[in-house]
Amino acid sequence: MLDSRKLDILADEIEKAGALAARMQKGIQRSFKEDGSVLTEADTTISRMITERIHELFPEAAVISEEEMADDRRNAEWVFILDPIDGTDVYSQGLPAFAVSLGLLNRNREPVGAYISAPRFGIGGGSLFVRLDPGGKPMMNGEEIKIESNKDEIHQITIGSKGPKEFDFTSFTGKIRVLGSTIIHILSPAILPSIQGTAVQKCYAWDIASSHAVLKSVGMDLEDTDGKPFVYDDDFIFGKEMLRSYLYGGTQEGRRKLRAMLPPL
């Protein structure tokens, strides 16, 4: 297992990175990558900062970051997957639903750890910090995350901004929430009582790994359009390939209903 003291240090670094992102947001200037996606100075600054810190603390682990060259150590016992700013587009526009996200996969490519700092998305104001150590309990702002509402009945979900173009809403009678961060979208059924599920559009490993670990820790999961649990493969992780299928997140019954109510177009 990973050294718990070093995980404490790493968790603190992620929380600090979130606070740094919040401070930088006011004067941020955005540019664009070749694929048209938004890039900011905060993305590159935080990516370097966290990647270097992980290498110092856990030199045996592989690190995959959206903004760095791929670490191709496929035999590593642990794989950290970093999104320095998830929701860069909304972040660059001054909106609050962004997050610094670090997920952790074990040798079997199972999502088992999460460190998520959403410094302007705190419930009731303030910041939100989610931590899940391998084998530990999911914590939000120092308190254990517990599901205390019925998540099998789908009344409200989170989805990406292109959802209306990619899913058939003919049979869907609930409400949708578009926040701007895939990490927060996937996390929402676990932390927000009024959200029962999520529909995930095609994205990358850093967009889902941390929140997926949290979902699994509270008895939820992600599955594809055929109802099969999502499995991480090396092309998706180390090859940085895009997700091949849409995903549905929530309880087993909730996912079944989402697949029926909200099929891809």
Side-chain angles (χ1 to χ4, degrees), residues 10-26 28 30 37-51 53-54 63-68 80-105 111 113-133 138-142 145 158-161 177-192 195 198 200-201 203-218 222 243 247 249:
L10 183 59
D12 187 56
E13 288 293 314
I14 296 298
E15 197 162 13
K16 287 179 179 178
L20 173 61
R23 292 196 300 271
M24 294 180 70
Q25 188 178 24
K26 184 177 181 180
I28 208 72
R30 66 179 186 168
S37 58
V38 179
L39 178 69
T40 72
E41 182 183 355
D43 290 274
T44 54
T45 298
I46 291 171
S47 183
R48 286 194 301 268
M49 181 175 73
I50 299 301
T51 299
R53 195 61 162 146
I54 296 171
V63 185
I64 303 296
S65 172
E66 179 181 8
E67 309 302 341
E68 309 287 342
F80 287 96
I81 301 183
L82 173 66
D83 194 339
I85 300 287
D86 186 71
T88 302
D89 193 3
V90 296
Y91 172 75
S92 69
Q93 297 179 59
L95 298 170
F98 64 89
V100 178
S101 165
L102 183 66
L104 179 60
L105 307 183
Y115 306 88
I116 303 168
S117 175
R120 295 186 58 204
F121 196 75
I123 298 172
S127 63
L128 179 147
F129 184 70
V130 171
R131 175 176 178 175
L132 172 64
D133 291 345
M139 309 295 288
M140 181 174 68
N141 292 348
I145 298 172
T158 52
I159 197 168
S161 58
R177 301 299 180 197
V178 179
L179 305 172
S181 160
T182 304
I183 288 293
I184 295 177
H185 285 164
I186 298 172
L187 187 64
S188 291
I191 67 170
L192 299 176
I195 303 292
T198 185
V200 184
Q201 292 148 262
C203 56
Y204 297 92
W206 46 83
D207 295 311
I208 70 173
S210 63
S211 291
H212 189 191
V214 176
L215 282 190
K216 289 177 73 70
S217 74
V218 296
L222 293 175
L243 194 66
L247 301 176

* To do: Check whether any side-chain heavy atom of S211 sits under 4.5 Å from a side-chain heavy atom of I116, and report yes or no.
  => yes

* Asked: Measuring from F129:CZ to E15:CD, what's the distance to the nearest 0.5 Å?
  -> 5.0 Å

* To do: Please report the closest heavy-atom contact between G249 and L222, naming both atoms and the distance.
  => CA-CD2, 3.6 Å

* **Expected output: side-chain D83 to main-chain G103 donor-acceptor under 3.5 Å** => no

* Decide side-chain contact (heavy atoms from CB on, under 4.5 Å) for S181 and V90; before the verdict, give the C-alpha distance in whole Å, the side-chain angles of both, and the deciding distance to 0.1 Å. => CA-CA 8 Å; S181 160; V90 296; 5.6 Å; no

* Structure fact -> Closest non-hydrogen atoms of S47 and T51, given as atom of the first, atom of the second and distance, are O-OG1, 2.7 Å

* Under a 4.5 Å cut-off applied to non-hydrogen side-chain atoms, are I208 and C203 in contact? -> yes

* To do: For D133 and Y115, test the side chains for any donor-to-acceptor distance below 3.5 angstrom and give the result as yes or no.
  => yes

* Structure fact -> Taking every heavy atom of L215 against every heavy atom of A190, the minimum-distance pair comes out as CD2-CB, 4.1 Å

* CG of L179 to CD1 of I159: how many Å apart, nearest 0.5 Å? -> 11.5 Å

* T45 side chain to A42 backbone, donor-acceptor under 3.5 Å -> no

* Counting only N and O atoms by type, is there a donor-acceptor contact under 3.5 Å from the side chain of Q25 to the main-chain atoms of L95? -> yes

* Euclidean distance, I54 CD1 relative to E13 CD, rounded to 0.5 Å -> 10.0 Å

* Asked: Rounded to the nearest 0.5 Å, how far does CG of L102 lie from CZ of R131?
  -> 11.5 Å

* Structure fact -> In terms of heavy-atom contacts, Q201 and L243 come closest through O-CD2, 3.8 Å

* Structure fact -> Rounded to the nearest 0.5 angstrom, the CD1-CG distance for I46 and L20 is 5.0 Å

* For the side chain of D86 and the backbone of F98, is there at least one donor-acceptor N/O pair under 3.5 Å apart? -> no

* Asked: Any side-chain heavy-atom pair from V200 and H185 closer than 4.5 angstrom?
  -> no

* To do: Work out which heavy atom in A213 is nearest to a heavy atom in L132; give both atom names and the distance.
  => O-CD2, 3.5 Å

* To do: Working to the nearest 0.5 Å, report the span between CZ of R48 and OG of S65.
  => 10.5 Å

* Structure fact -> Between M49 and A17, the two heavy atoms sitting closest are CE-CB, 3.5 Å

* To do: Without swapping roles, check the side chain of R120 against the backbone of G94 for a donor-acceptor pair under 3.5 Å.
  => yes

* Should K216 and P111 count as side-chain neighbours, where that means a heavy-atom distance under 4.5 Å? -> yes

* Asked: Is a donor on one side and an acceptor on the other found under 3.5 Å between the side chain of T158 and the backbone of T198?
  -> no

